[in-house]
Structure formats: structure tokens, C-alpha cells
Amino acid sequence: MITRRGLILGGASLLAGCDSLTDSPGLMRAEDAHRFLQRSVTGRAALAREFRTDQRSPLFRVNGTGNPDTPEYNALAANRFADWRLVVDGLVARPLRLSLAQLRSMPQRAQVTRHDCVEGWSAIGKWQGPRLETLLDLAGIRDDARYIVFHCADRFGTTPYYESIDLIDAFHPQTILAWAMNDAPLSVGHGAPVRLRVERQLGYKHAKYVMRVEAVASLASVGGGRGGYWEDSNGYEWYAGI
Ligand SMILES: Nc1nc2c(c(=O)[nH]1)N[C@H]1C(S)=C(S)[C@@H](COP(=O)(O)O)O[C@H]1N2
Ligand SMILES: [Mo]
């Protein structure tokens, strides 16, 4: 097996030209992010480790919100999310409203990965769903887009949970909108009907209960302006790469 470390050591000289790009992750256009990921095998483009299915954790903790429990969410859940639509909008040529059935019929990626929470626990699970790239290509992400924002159904008090990533993570092959966990539809606890998996980032970036995916040029006018609920409220780092 080729490990990330092996690739980093072996490809050190090849990497030199890429380092400057990783220093300013938010400044890349979609086209450049694509090219960056296609050409690199290390750094930001490297894959997170994937595990065998028998290495999955017997217990995967539910953390943060375990049920949004709003009237709107409860109505959607009561109908097993048949009426839920994922909105893809912002700086895109063709805004989308996608049903769960449509997400399931797109090309799928499945991966067994380790989730690392800043609170000091990890768990390995299997996730499946379409790549975020597939949705952004369908919607036609515009040249002026720099970040993707995930708006969630749950609230802390009156503040909605949200998160954001740059285009390198958005187009990363392991970045998916997961509707299945361990071969079953996502439970409410783990983010039904759909949650983000962005495997090179810490747990709080993996937005659950995603209702809307928005392409933006800047994070300044979203939420408190720091790119995520925990970033705004507790000073967590926006870039939580692992
Ligand atoms: N919408 C939403 N997404 C969220 C959270 C949350 O409270 N609300 N918690 C985050 C944190 S801190 C972690 S560790 C993971 C927990 O995911 P899990 O419940 O599937 O373990 O979800 C992340 N995504
Ligand atoms: Mo977390």
C-alpha cells in the first residue's frame, strides 16, 4: 500500500510548486482547484486514509445536535424526507432543487473513514453519497465563487448551524453528501437526510442536516463572518485540516 508519508517523501521536489497554492486556499477558482487536485498526489489533494469495512467502530457516537426538532424538520422526517429538497444556489449558473431520490441516482462514492472530533474521540464508519463535485458541475459553479457554504436545519438557540469549505475541499474526491452510513439510510442522529463528509477536515466541518449548499465569493456576510457556527461562537479554526 502506498502511504501518504511515502508519497510526501518520494515527491518532495515535485511538491515545491504546489506549496504556495495551499497557503491561500480560499483564493482558487473552480477551474484552478480542479487542475490542482488532478496534478497533486500530496498535500491538500491527498486522500484521507480509508479502512476495511470490518474495521468500522461498533459504536459511532452522535455528537452536537442529535435531532433538529423544529416543526419544519419534524414534518420532513415524518414523511421520510420525501418532500425534502436540497437547494444548490448562490454563484451558480443553474440553481438546483434535488430530491433524495435524485441524489441516490447520481454516481455514488462509498468510503470507510475515521471521523476525528476536537473533543477527543474518533470513530470509523462507512459513508455513501454523490460527490459534491457532481452537484457543483450540474449547477455550473461560476468563476467568482471561492467557498461553499452548508446551511443546516438545526439551531443552537436561534442561531442556525452552518459550515463552509474552500474549493479544494469542495472538489476533493472524498468530499461527498452522504445519505447512507454503514449501508443504511442516515439516521436522524447522524444528520438525516444528508450530511457532508469532508474527510481531510475535523468533525465540526462535517455539517449534518444539510438543507442548502451555497456558492459564495466571500464568507464575510454569512453568519458571523468566520465561516461556521463554531468558528463564530467559540473561535474554532475555520481551516481544520487533518
Ligand atoms: N448540523 C450540525 N452538524 C454538525 C454538528 C451539529 O451540531 N450540527 N456537530 C458537528 C460535530 S462537532 C461533530 S464531531 C459531528 C458529529 O457527527 P456525528 O453525530 O455523526 O458523530 O457533526 C458535526 N456536524
Ligand atoms: Mo466534533
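Worth knowing before you read on, the calculation uses all heavy atoms, side chains too, and leaves out hydrogens, waters and symmetry mates.
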Is any side-chain heavy atom of W230 closer than 4.5 Å to a side-chain heavy atom of V118?
no
Selection residues 225-242 - residue pairs positive for salt bridge (Lys or Arg N to Asp or Glu O under 4.0 Å), sequence neighbours left out
K205-E231
Scan the side chains in residues 63-70 for donor-acceptor partners under 3.5 Å anywhere in the protein, sequence neighbours excluded, and list what turns up.
unit_1, atom_1, unit_2, atom_2, d
N63, ND2, E119, OE1, 3.4
N63, ND2, E119, OE2, 3.4
T65, OG1, D154, OD2, 2.6
N67, OD1, D69, N, 2.9
D69, OD1, N74, ND2, 2.9
T70, OG1, E72, OE1, 3.3
T70, OG1, Y73, N, 3.0

Quick check for you: to the nearest 0.5 Å, what is the distance between Q108 atom CD and I176 atom CD1?
8.0 Å
Could you pull out the closest heavy-atom pair between H172 and R44, with the gap in Å?
CD2-O, 3.5 Å
Joint hydrophobic cluster, L98 plus L196, side-chain heavy atoms closer than 4.5 Å:
yes
Over all heavy atoms of both residues, which pair between L103 and V194 is shortest? Give the atoms and the distance, please.
CD1-CG2, 3.7 Å
Is the closest side-chain donor-acceptor distance between R197 and H115 under 3.5 Å?
yes
Establish whether L202 and W127 are linked, either directly or via other cluster members, by ILVMFWY side-chain heavy-atom contacts under 4.5 Å.
no
List the steps and the verdict of side chain to side chain contact (heavy atoms under 4.5 Å, CB included) for E199 and H206.
CA-CA 8 Å; E199 304 293 354; H206 299 236; 4.0 Å; yes
Donor-acceptor check, side chain of Q201 to backbone of A240, threshold 3.5 angstrom: yes or no?
yes
For L86 and Q102, run side chain to side chain contact (heavy atoms under 4.5 Å, CB included): C-alpha distance rounded to whole Å, both residues' side-chain angles, the deciding distance at 0.1 Å, then the answer.
CA-CA 10 Å; L86 179 68; Q102 285 174 306; over 6 Å; no
Going by the ring pair (Phe, Tyr, Trp, His ring centres under 6.0 Å) test, which pairs reach into residues 174-201, not counting sequence neighbours?
F60-H190
With R52, which residues qualify under side chain to side chain donor-acceptor pair (under 3.5 Å), at least two apart?
D54
Please tell me if the side chains of E214 and H151 come closer than 4.5 Å, counting only heavy atoms from C-beta onward.
yes
For the backbone of G227 and the side chain of S164, can you confirm whether one donor and one acceptor N or O come within less than 3.5 Å of each other?
yes
Test side chain to side chain contact (heavy atoms under 4.5 Å, CB included) on K208 and V62 and set out the steps.
CA-CA 11 Å; K208 305 196 280 189; V62 167; 4.1 Å; yes
Within the side chain of R200, is there an N or O that forms a donor-acceptor pair under 3.5 Å with the backbone of G43?
yes
Out of curiosity, L47 CG to T113 OG1, how far, rounded to the nearest 0.5 Å?
11.5 Å
Which value, rounded to the nearest 0.5 Å, describes the distance between L167 atom CG and R146 atom CZ?
7.5 Å
Compare every heavy atom of Y209 with every heavy atom of V188, then report the nearest pair and how far apart it is.
O-OH, 2.7 Å
With sequence neighbours left out, what residues match S122 under side chain to side chain donor-acceptor pair (under 3.5 Å)?
D116
Do I148 and L91 share a hydrophobic cluster, counting only Ile, Leu, Val, Met, Phe, Trp and Tyr and linking them when any side-chain heavy atoms are less than 4.5 Å apart?
no
For the pair Y161 and F156, name the ring-plane relationship: parallel under 30°, tilted 30 to 60°, perpendicular over 60°.
tilted
Should R35 and D32 count as side-chain neighbours, where that means a heavy-atom distance under 4.5 Å?
yes
CH2/W84 to CE/M211 distance, rounded to the nearest 0.5 angstrom?
7.5 Å
Identify the two heavy atoms, one from E163 and one from Y204, that lie closest to each other, and give their separation to 0.1 Å.
CG-O, 3.3 Å
Nonpolar side-chain network containing I124, other nodes, edges under 4.5 Å
F51, V112
Partners of Q38 by side chain to side chain donor-acceptor pair (under 3.5 Å), sequence neighbours excluded?
none
To the closest 0.5 Å, what do you measure between OG1 (T175) and CG (L132)?
7.0 Å
Heavy-atom pair with the smallest gap, counting every atom of A139 and V88:
CB-CG1, 3.9 Å
Under the salt bridge (Lys or Arg N to Asp or Glu O under 4.0 Å) test, which residues partner R56, sequence neighbours left out?
none
Nearest heavy-atom pair of Y162 and C152: which atoms, and what distance?
CA-SG, 4.4 Å
Per the salt bridge (Lys or Arg N to Asp or Glu O under 4.0 Å) rule, what does the pair list look like for residues 170-184, sequence neighbours excluded?
K126-D183
Restricting to pairs with a member in residues 87-111, which pass salt bridge (Lys or Arg N to Asp or Glu O under 4.0 Å), not counting sequence neighbours?
E50-R109, D89-R212
State plainly whether one hydrophobic cluster holds both V198 and F36, where clusters connect Ile, Leu, Val, Met, Phe, Trp and Tyr through side-chain heavy atoms under 4.5 angstrom apart.
yes
If hydrophobic clusters are built by linking Ile, Leu, Val, Met, Phe, Trp and Tyr wherever their side-chain heavy atoms come under 4.5 Å apart, do V210 and V87 end up in the same one?
no
If we ignore hydrogens and angles and just use 3.5 Å, is the side chain of Q111 paired with the main-chain N or O of Q174 as donor and acceptor?
yes
Would you say that R131 contacts P173 through its side chain, given a criterion of any heavy-atom pair below 4.5 Å between the two side chains?
yes
For F171, the ring-ring contact (aromatic ring centres under 6.0 Å, His included) test, sequence neighbours excluded, returns H34
Pair F150, V213 - check side chain to side chain contact (heavy atoms under 4.5 Å, CB included), show working.
CA-CA 5 Å; F150 303 88; V213 175; 4.0 Å; yes
I need the full list of salt bridge (Lys or Arg N to Asp or Glu O under 4.0 Å) pairs touching residues 73-86, with sequence neighbours left out, sorted by first then second residue.
none
Would you compute the distance between atom CD1 of I141 and atom CZ of R29 and round it to the nearest 0.5 angstrom?
11.5 Å
